[in-house]
Amino acid sequence: MAITLDETHDAKRKSWVASAQGHSDFPIQNLPLGVFSSRGDTPRGGVAIGDDVFDLKAACEAKLFTGDAEKAARAASATTLNELMALGAGPRAALRKQVSALLAQGTEESKRAQPLAGTLLHKAADCALYLPAMIGAFTDFFAGIQHAENGGKRRGAWPALNENYKHVPVAYHSRASTVRPTGVPVRRPNGQRLVGDDKLPTFGPCLKMDFELEFGVWIGNGNEWGEPIAINQAAEHIYGYCMLNDWSARDIQRWESAPLGPFLSKNFGTTISPWMVTPEALAPFQIAQPARPEGDPKPLPYLWDDTDQREGQFDLELEVLIHTEGMRTKGMPPQRISVSNTKHLYWTVAQMVAHHTCGGCNLEPGDIFGSGTISGPTPDNYGSISELSFDGTQDIKLASGEIRRWVQDGDDIYLRAQGKRDGFVAIGFGDCCARMVAGKGV
Ligand code: CA
């Protein structure tokens with residue numbers, strides 16, 4: 001896991017790209033990877049820098065890269081980043097170093113890049129953003145222990161956590177085909193659900209629409225079928241991170257989930273932030289996995305690695321904001337309804353990778369994991385509206401005078417994440433936002 005801090009993390013390094021000055025999400029210390037097109041041209045790999053996008057293909061054609069970085073930039077010139085991700089950590093780190101040098105003020109490299117700014121940079125406002133990779137598989141974990149406990153209490157379970165929870169990183173295989181990048185509206189699904197005190201199901205639109213605040217993990221190079229990834233090798237396979245809203249139809253979920261778990265309640269849409277924030281960019285925000293409470297079992301050996309325990313978790317501030325149609329009409333800004341932090345996760349990402357593959361399942365470049373909903377210990381930290389409204393029994397009062405118990409049509413839900421640490425420049429993940437809209441009848 002250990003990533004060396006270097007000149008790319010230096011707080012004094014500034015970019016000659018004007019829009020990157022003081023940018024809260026994409027300063028030169030971040031440099032996340034994504035796929036964009038500008039004014040309708042062919043999608044290709046880019047790097048977010050301030051309010052601009054740095055064109056990796058154009059930079060490659062201008063022969064600005066050498067060695068492994070050149071190999072990475074060439075792979076990133078494709079319409080998805082799967083090929084780049086398959087190259088793994090080394091070329092990614094080399095690319096970051098050279099992009100940072102090209103975009104920094106006062107470097108030799110910048111003298112070659114800055115005169116080409118007209119072809120290398122595109123205004124993000126003029127760009128379309130896509131999923132950064134063709135997603136082969138999407139696995140959703142359940143590593144937010146407070147969310148798991150809150151769900152158990154809601155169901156009246158005692159103990160609130162299933163007996164396996166502290167032993168096994170619980171997950172299910174979710175749906176890759178319905179993952180969309182920020183900005184794409186999500187349609188309210190129809191399905192079977194019990195309404196009120198009904199004993200029999202009816203078919204119709206979901207009446208209990210929820211969001212889930214999750215941390216997303218992109219897989220880079222995969223493993224061979226039948227060959228588990230040891231926990232101390234997991235970092236080699238993790239390519240980047242995003243924010244992920246696992247939209248959830250709670251009424252459909254409750255009726256359909258026995259005994260095999262969620263299906264239609266989770267497969268109608270998932271929203272992600274389209275910029276992959278790299279492990280190198282997050283290195284300053286790595287922390288030790290918080291100690292397990294007294295009495296919790298020690299994970300089995302295949303889930304335990306001292307280095308992972310020492311630095312395998314992240315300290316990232318998370319937020320959920322809502323922007324209703326009423327707020328937009330009144331010209332009001334989005335309103336924050338939850339704050340949380342990745343440090344509330346009970347399992348590290350390396351533990352998820354080790355567990356996912358321990359039976360021989362192969363991961364592939366472009367696979368994505370969700371962490372599970374990241375709630376904190378107090379109600380203002382809850383990462384889903386079902387928790388914030390105590391399963392739809394309490395009003396959430398908004399500044400616009402509106403109330404919410406569930407997500408309504410026309411609501412924009414934003415997830416945000418930011419890393420902050422003294423001595424380092426803060427970085428963010430960019431938007432992860434989608435509007436819930438009315439579904440289609442059948
Ligand atoms: Ca989830």
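If you're wondering where the values come from, they're calculated on a predicted model, not measured in any experiment. Numbering of ligands and ligand atoms starts at 1, following listing order.
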Is the closest side-chain heavy-atom distance between Phe211 and Leu388 below 4.5 Å? yes

Donor-acceptor pair between Glu387 and Ser375 side chains, under 3.5 angstrom: yes

Atom name in [X], limited to N/O/S, at shortest distance from the Ca ion (ligand 1):
X	answer
Glu214	OE2
Asp140	OD2
Asp246	OD2
Glu212	OE1

salt_bridge(Asp52, Lys123) N-O dist < 4.0 Å: yes

Pair Glu402 + Lys330, salt bridge at N-O below 4.0 Å: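 Here Glu402 does not pair with Lys330 in a salt bridge, since their nearest N and O are not under 4.0 Å apart.
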
